[in-house]
Amino acid sequence: MAFSILVADDEQGIVDFVTLYLEKDGYEVFTASDGEQAWACIQQEKIDLAILDIMMPKLNGYQLIKKIRAEKNMPIIFLTAKDASADKVLGLDIGADDYVTKPFDPLELVARVSAQLRRFYSLGAQEVNEPEKIALHDLILDLDQCLLFKENEPIALTSIEFKILRLLMGTPGRVFTKKQIYEAVWEDTYIVDDNNIMVYISRLREKLGTRGEESYIHTIRGLGYKILP
């Protein structure tokens, strides 16, 4: 069965353009011209990945992604003309998995879609001998549903946050370097420290809160990060 992609942008030409390339690559494509239409589509259809413009009417991309992350776990790519570093950091900080700036190469966008789907669903796919859940202290990471629970209360995670937490919780107490985290989560060669990992770790700490007076995730200066054993 083909993956289903939502393309949400108020520029019809871009929607048609992206749809053409995605369908040519075998994807089923749903479209929306504003944030409210996009949200309705996500509620009604099984969407595997969303490509969202930031400056949409009714609900902009930032508002929409917050609603999605409160209920759904799927890869999200922001497609936007806003290319300032602050905008990129904000997009990643509130839950985007990738960021493509207009104008863009449609073949690159399709490649990014393919990479996000491969990373997200191959990681979430349960293997025969893999545990369905990882339990640590009062945290439970459900690998089958890609959900986190703290004291039985669900905590919404982005796909990148889920993958980082799975890595850390899989071996509590082990220190992972930024290079190890990047190459395990993004499945790519680590070249330059662009602070993405720091942003995601910060967001995870905020979502997890503390255990007693300690953060669950510790920074080991000069080395990397570990989760409390």
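Note that these values count all heavy atoms, side chains included, but never hydrogens, waters or copies made by symmetry.
- Comment: Lys102 engages Asp9 in a salt bridge, judged by a side-chain N to carboxylate O separation of less than 4.0 angstrom.
- Cluster membership for Ile155 and Leu167, using ILVMFWY side-chain heavy atoms within less than 4.5 angstrom, is shared.
- At a threshold of 4.5 Å between side-chain heavy atoms, the hydrophobic network of Ile, Leu, Val, Met, Phe, Trp and Tyr places Ile140 and Ile134 in two separate groups.
- Taking 4.5 Å as the limit, some side-chain heavy atom of Ile5 sits within range of a side-chain heavy atom of Ile51.
- Put simply, CE on Met55 and CG on Asp53 are 8.0 Å apart, with the number rounded to the nearest 0.5 Å.
- The environment of CG in Asp105 is crowded: more than 12 heavy-atom neighbours from other residues, nucleotides or ligands sit within 6.0 Å.
- For the residue pair Asp138/Tyr216, the side-chain donor-acceptor check at 3.5 Å is satisfied.
- Comment: Lys179 engages Glu183 in a salt bridge, judged by a side-chain N to carboxylate O separation of less than 4.0 angstrom.
- Using cut-offs of 30° and 60° on the angle between ring planes, the pair Phe17 and Phe104 is tilted.
- Under 4.0 Å is where a charged nitrogen must lie from a carboxylate oxygen, and between Lys72 and Asp48 no such pair does.
- Residues Ala70 and Ala156 come closest through the heavy atom pair CA-CB, 4.3 Å.
- Checking Asp10 against Ser33 by side-chain atom types alone, no donor-acceptor pair falls below 3.5 Å.
- To the nearest 0.5 Å, atoms CD (Glu71) and CH2 (Trp39) are separated by 4.0 Å.
- Met198 and Phe162 fall within a single hydrophobic cluster, where Ile, Leu, Val, Met, Phe, Trp and Tyr side chains are chained together by heavy-atom contacts under 4.5 Å.
- Residue Leu79 is grouped with residue Leu117 when hydrophobic side chains (ILVMFWY) are merged at heavy-atom distances under 4.5 angstrom, including chains of intermediate members.
- Under a hydrophobic-cluster definition in which Ile, Leu, Val, Met, Phe, Trp and Tyr are linked whenever side-chain heavy atoms come within less than 4.5 Å, directly or via other members, Ile201 and Ile220 are assigned to different clusters.
- One finds a salt bridge joining Arg203 and Glu206 here, because a Lys/Arg side-chain nitrogen approaches an Asp/Glu carboxylate oxygen to under 4.0 Å.
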